[in-house]
Amino acid sequence: MTVVINMRDGVDERKIKVAARFILEGKLVAFPTETVYGLGADALNASAVRRIFEAKGRPADNPLIVHIAEFSDLERLAREIPREAKLLAKRFWPGPLTMVLPKAEEVPDVTTGGLDTVAVRMPAHPIALALIRASTPIAAPSANISGKPSPTLAEHVVDDFYGRIEAIIDGGETKVGVESTVIDLTSESPILLRPGGLPLEEIERVIGEVKIHPAVIGKMVDVARSPGMKYRHYSPEAQVIVVEGERERVRRKIAQLVEEYRSKGYRVGVMGTEEYGADEFFNLGRSEEEVARNLFKALRELDKRGVDVIIAEGVEERGLGLAVMNRLRKASGYRVIRV
Ligand code: TXA
Ligand code: MG
């Protein structure tokens with residue numbers, strides 16, 4: 001029932017047509033973007049969008065991002081396009097930036113989780129852009145079962161959705177590895193709702209200071225502005241523990257935790273830059289870019305290797321590090337040890 005469409009060698013217009021027809025018929029097609037894989041449906045077709053929520057097990061009040069291929073599509077989806085949105089689109093689209101804007105009439109309420117705003121982004125991936133151009137604006141959350149780590153490989157989407165959606169386009173591994181940065185432009189001043197693949201520093205260089213929503217760095221809060229913030233996220237089966245702080249102290253603490261958990265009979269996985277004598281190890285790499293790219297794959301992979309506990313090395317919270325730490329803290333259910 002699920003067709004896996006191989007496009008690892010790049011865009012194939014004939015295969016794109018097949019996938020685009022599925023979208024126009026109200027079916028679900030998972031596709032690669034530069035951040036993570038998306039689970040797509042026609043954004044303007046309410047019953048198609050409803051199927052996304054069912055397939056993911058996603059709460060109906062958690063709105064979706066609408067993906068476009070031309071700036072002119074934005075005029076159809078947003079009632080109003082503020083100056084900052086134009087500046088940011090010009091500088092960063094296509095790319096890992098999502099902007100929340102006042103919603104146009106035409107966008108169904110299901111797509112926006114009942115909000116009067118709509119989140120829009122233009123992905124920087126040739127397959128995603130070709131699919132949108134051949135069909136329509138596409139609503140797409142990350143293509144994972146709600147609460148699981150986001151997918152960076154078609155295999156991850158197969159694991160979660162095989163037999164439950166019409167098609168999965170395999171475009172290989174995604175480049176960025178964390179989802180887009182979400183910024184709200186409907187208040188008096190811009191607010192960062194989710195750190196992501198586009199560093200906040202780069203956005204601020206274009207539009208000046210951006211406020212950070214407290215939920216981005218803090219605990220789980222019940223927020224109306226971005227309902228997604230209040231739900232459990234990115235969680236593998238294993239318990240994740242994040243250790244953050246000064247580098248040497250982090251190393252000592254992780255070594256100590258590995259020993260403690262192992263002596264109690266737990267299988268311990270470590271994700272970071274060193275093995276620390278753990279049962280399983282996933283090397284995240286050293287640069288911010290590598291860590292971001294490997295993060296979700298590491299969570300899924302360590303789970304597959306059957307560990308009980310995953311101990312994650314924290315990174316510095318600048319550049320992509322802000323998004324990485326936000327995902328890690330959520331994955332741990334805020335089990336964070338600061339040393
Ligand atoms: O990189 C990405 O953004 C990926 C790829 C597929 O494009 N998509 C993605 O979608 O991460 P999703 O649904 O997993 O995350 C969308 C986030 C959620 O936190 C949601 O609450 C927020 O964007 N969001 C969507 N519409 C919103 C709105 N109108 N107001 C505030 N937040 C919104
Ligand atoms: Mg998601």
Side-chain angles (χ1 to χ4, degrees), residues 29-41 43 49 52-53 55-69 77-79 92-104 107-125 127-129 131-132 137-152 156-157 160 169 171 174-187 190-198 213 215-216 220 223-235 292 296 323 326-327 330-331:
V29 177
F31 61 97
T33 79
E34 80 281 31
T35 57
V36 300
Y37 275 75
L39 179 58
V49 170
I52 294 180
F53 286 89
K56 275 188 65 104
R58 182 176 176 112
D61 67 351
N62 191 1
L64 306 180
I65 295 171
V66 180
H67 296 70
I68 61 173
L77 301 169
R79 184 159 28 87
F92 297 116
W93 277 359
L97 172 68
T98 295
M99 296 192 273
V100 174
L101 301 167
K103 168 182 115 56
V107 182
D109 286 339
V110 260
T111 304
T112 63
L115 297 176
D116 63 355
T117 57
V118 62
V120 185
R121 97 171 181 103
M122 190 189 292
H125 194 295
I127 294 175
L129 291 171
L131 181 65
I132 298 161
I138 295 179
S142 50
N144 52 277
I145 298 287
S146 219
K148 287 233 239 163
S150 297
T152 57
H156 298 158
V157 185
D160 284 11
I169 303 179
T174 59
K175 275 208 193 80
V176 179
V178 290
E179 306 90 335
S180 62
T181 302
V182 181
I183 181 163
D184 178 15
L185 297 175
T186 64
S187 307
I191 303 170
L192 177 75
L193 297 182
R194 178 177 76 180
L198 179 67
H213 193 284
V216 166
M220 275 197 243
V223 272
R225 196 177 293 287
S226 193
M229 289 171 171
K230 67 175 183 259
Y231 296 109
R232 191 178 141 92
H233 264 102
Y234 314 116
S235 310
F296 290 134
N326 169 270
R327 305 308 188 271
K330 286 188 177 187

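FYI, side chains are in, hydrogens and waters are out, and symmetry mates aren't considered; it's all heavy atoms of this structure. First listed ligand is number 1; within each ligand, the first listed atom is number 1. Count residues from 1 along the sequence.
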Engineer: Using distance alone, decide if ligand 1 has a nitrogen or oxygen within less than 3.5 Å of any nitrogen or oxygen in Asn62.
Structural biologist: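 Yes, there is a polar N/O contact under 3.5 Å.
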Engineer: In the structure I gave you, are the side-chain heavy atoms of Arg327 and Glu179 within less than 4.5 Å of one another anywhere?
Structural biologist: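 Sidechains of Glu179 and Arg327: in contact.
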Engineer: Relative to atom 8 (N) of ligand 1, which among Pro59, Ala140, Gly38 owns the nearest non-hydrogen atom?
Structural biologist: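 Selected option, by shortest heavy-atom distance: Ala140.
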Engineer: Any non-hydrogen atom of Thr112 lying under 4.0 Å from ligand 1?
Structural biologist: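 Judged by the 4.0 Å heavy-atom criterion, Thr112 does not count as contacting ligand 1.
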Engineer: Measure across Pro151 and Val157 and return the closest heavy-atom pair with its distance rounded to 0.1 Å.
Structural biologist: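 That closest heavy-atom pairing would be CB-CG2, 3.8 Å.
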Engineer: Would Glu34 and Arg121 count as a salt bridge (Lys or Arg N to Asp or Glu O under 4.0 Å) if you check the C-alpha gap in whole Å, the side-chain angles of each, and the deciding distance to 0.1 Å?
Structural biologist: CA-CA 12 Å; Glu34 80 281 31; Arg121 97 171 181 103; 2.9 Å; yes
Engineer: Which pair of non-hydrogen atoms, one from Pro190 and one from Leu185, has the smallest distance, and what is that distance?
Structural biologist: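 So the minimum-distance heavy-atom pair works out to CB-CD2, 3.8 Å.
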Engineer: By number and element, which atoms of ligand 1 are closer than 4.0 Å to a non-hydrogen atom of Ser142?
Structural biologist: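 Matching atoms, with element in brackets: 8 (N), 9 (C), 10 (O), 12 (P), 14 (O).
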Engineer: Could you list the atoms of ligand 1 found under 4.0 angstrom from a heavy atom of Ile65?
Structural biologist: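 Ligand 1 atoms under the 4.0 Å threshold to Ile65: 3 (O), 8 (N), 9 (C), 10 (O), 16 (C).
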Engineer: Which atoms of ligand 1 are found less than 4.0 Å from any heavy atom of Arg121?
Structural biologist: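 Listed by number with element: 1 (O), 2 (C), 3 (O), 5 (C), 7 (O).
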Engineer: If we only count N/O pairs under 3.5 Å, is Thr98 in contact with ligand 1?
Structural biologist: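 In fact, backbone or side chain, Thr98 has no N or O that close.
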Engineer: Which residues pass the side chain to side chain donor-acceptor pair (under 3.5 Å) test with Thr98, not counting sequence neighbours?
Structural biologist: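 Ser180.
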Engineer: Once you round to the nearest 0.5 Å, how far does CG of Leu198 lie from OG1 of Thr35?
Structural biologist: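 So the CG of Leu198 and the OG1 of Thr35 are separated by 11.5 Å.
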Engineer: Leaving waters out, which protein N, O or S atoms fall under 2.8 Å from the Mg ion (ligand 2)?
Structural biologist: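 Sorted hits: Ser142 OG.
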Engineer: Please check if the side chain of Arg79 supplies one atom and the backbone of Thr117 the other of a donor-acceptor pair under 3.5 Å.
Structural biologist: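 Not confirmed, Arg79 side chain does not pair with Thr117 backbone.
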Engineer: Quick one: does Lys56 get an N or O within less than 3.5 Å of an N or O on ligand 1?
Structural biologist: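 No, no N or O pair falls under 3.5 Å.
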Engineer: If you count the atoms of ligand 1 from 1 in the order shown, which ones are under 4.0 Å from a heavy atom of Ala119?
Structural biologist: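 Contacts of ligand 1 toward Ala119, numbered from 1: 25 (C), 26 (N), 27 (C), 29 (N).
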Engineer: Taking Ile183 as the fixed residue, which of Leu97, Val100, Ile191, Leu193 is the one that meets the side-chain contact (heavy atoms from CB on, under 4.5 Å) rule?
Structural biologist: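 Among the candidates, only Leu97 passes.
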Engineer: Within the structure, does Thr33 bring an N/O atom to less than 3.5 angstrom of an N/O atom in ligand 1?
Structural biologist: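 Thr33 vs ligand 1: no N/O contact under 3.5 Å.
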Engineer: Between Val100 and ligand 1, which residue portion shows a heavy-atom distance shorter than 4.0 Å: side chain, backbone, both, or neither?
Structural biologist: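 Side chain only; the backbone of Val100 stays clear of ligand 1.
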Engineer: Which atom names give the shortest non-hydrogen contact between Pro149 and Asn144, and what distance separates them?
Structural biologist: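 Minimum heavy-atom contact is O-CB, 3.4 Å.
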Engineer: Just verifying a value: how many Å separate Lys103 NZ and Asp109 CG, rounded to the nearest 0.5 Å?
Structural biologist: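 Interatomic distance, Lys103 NZ to Asp109 CG, rounded to 0.5 Å: 5.0 Å.
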Engineer: So is Tyr37 polar-close to ligand 1, meaning N/O to N/O under 3.5 Å?
Structural biologist: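 No - when backbone and side-chain N and O of Tyr37 are compared with those of ligand 1, no distance drops under 3.5 Å.
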Engineer: Report yes if some heavy atom in the side chain of His156 is under 4.5 Å from a heavy atom in the side chain of Ser150; otherwise report no.
Structural biologist: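 His156 vs Ser150: side chains apart.
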Engineer: I need the Thr112 OG1 to Leu77 CG distance, nearest 0.5 Å.
Structural biologist: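 Answer rounded to 0.5 Å: 11.0 Å.
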Engineer: Once rounded to the nearest 0.5 Å, what's the spacing between atom CD1 of Ile169 and atom OH of Tyr37?
Structural biologist: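 It is 9.0 Å, given to the nearest 0.5 Å.
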Engineer: Would you mind listing which atoms of ligand 1 come within a distance below 4.0 Å of any non-hydrogen atom of His67?
Structural biologist: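 Reading through ligand 1 atom by atom, the close ones are 5 (C), 6 (C), 7 (O).
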Engineer: Should you measure from each heavy atom of Thr117, which atoms of ligand 1 turn up under 4.0 Å away?
Structural biologist: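 Result: 28 (C), 29 (N), 30 (N).
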Engineer: Using a 4.0 Å heavy-atom threshold (strictly under), name the region of Leu64 that reaches ligand 1: side chain, backbone, both or neither.
Structural biologist: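 Only the backbone of Leu64 comes within reach of ligand 1.
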Engineer: For Leu193, counting its heavy atoms only, list the atoms of ligand 1 lying under 4.0 Å from any of them.
Structural biologist: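 In order of number, 31 (C), 32 (N).
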Engineer: What are the atoms of ligand 1, with element, lying closer than 4.0 Å to any heavy atom of Leu115?
Structural biologist: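 So the answer, numbered in order with elements, is 28 (C), 29 (N), 30 (N).
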Engineer: Report the part of His213 (side chain from C-beta onward, or backbone N, CA, C, O) that has a heavy atom under 4.0 Å from ligand 1; answer both or neither where that applies.
Structural biologist: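 Neither part.
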Engineer: Under a 3.5 Å distance rule, please check whether Arg194 uses its side chain to pair with a backbone N or O of Thr181 as donor and acceptor.
Structural biologist: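 No.
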Engineer: Touching ligand 1 at all, Lys103? Heavy atoms, strictly under 4.0 Å?
Structural biologist: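 Checking ligand 1 against Lys103, which is what was asked, there is no heavy-atom contact under 4.0 Å.
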Engineer: Specify the closest pair of heavy atoms between Pro123 and Thr33, including all atoms of both residues, with the distance to one decimal.
Structural biologist: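 So the two residues come closest at CB-CB, 4.1 Å.
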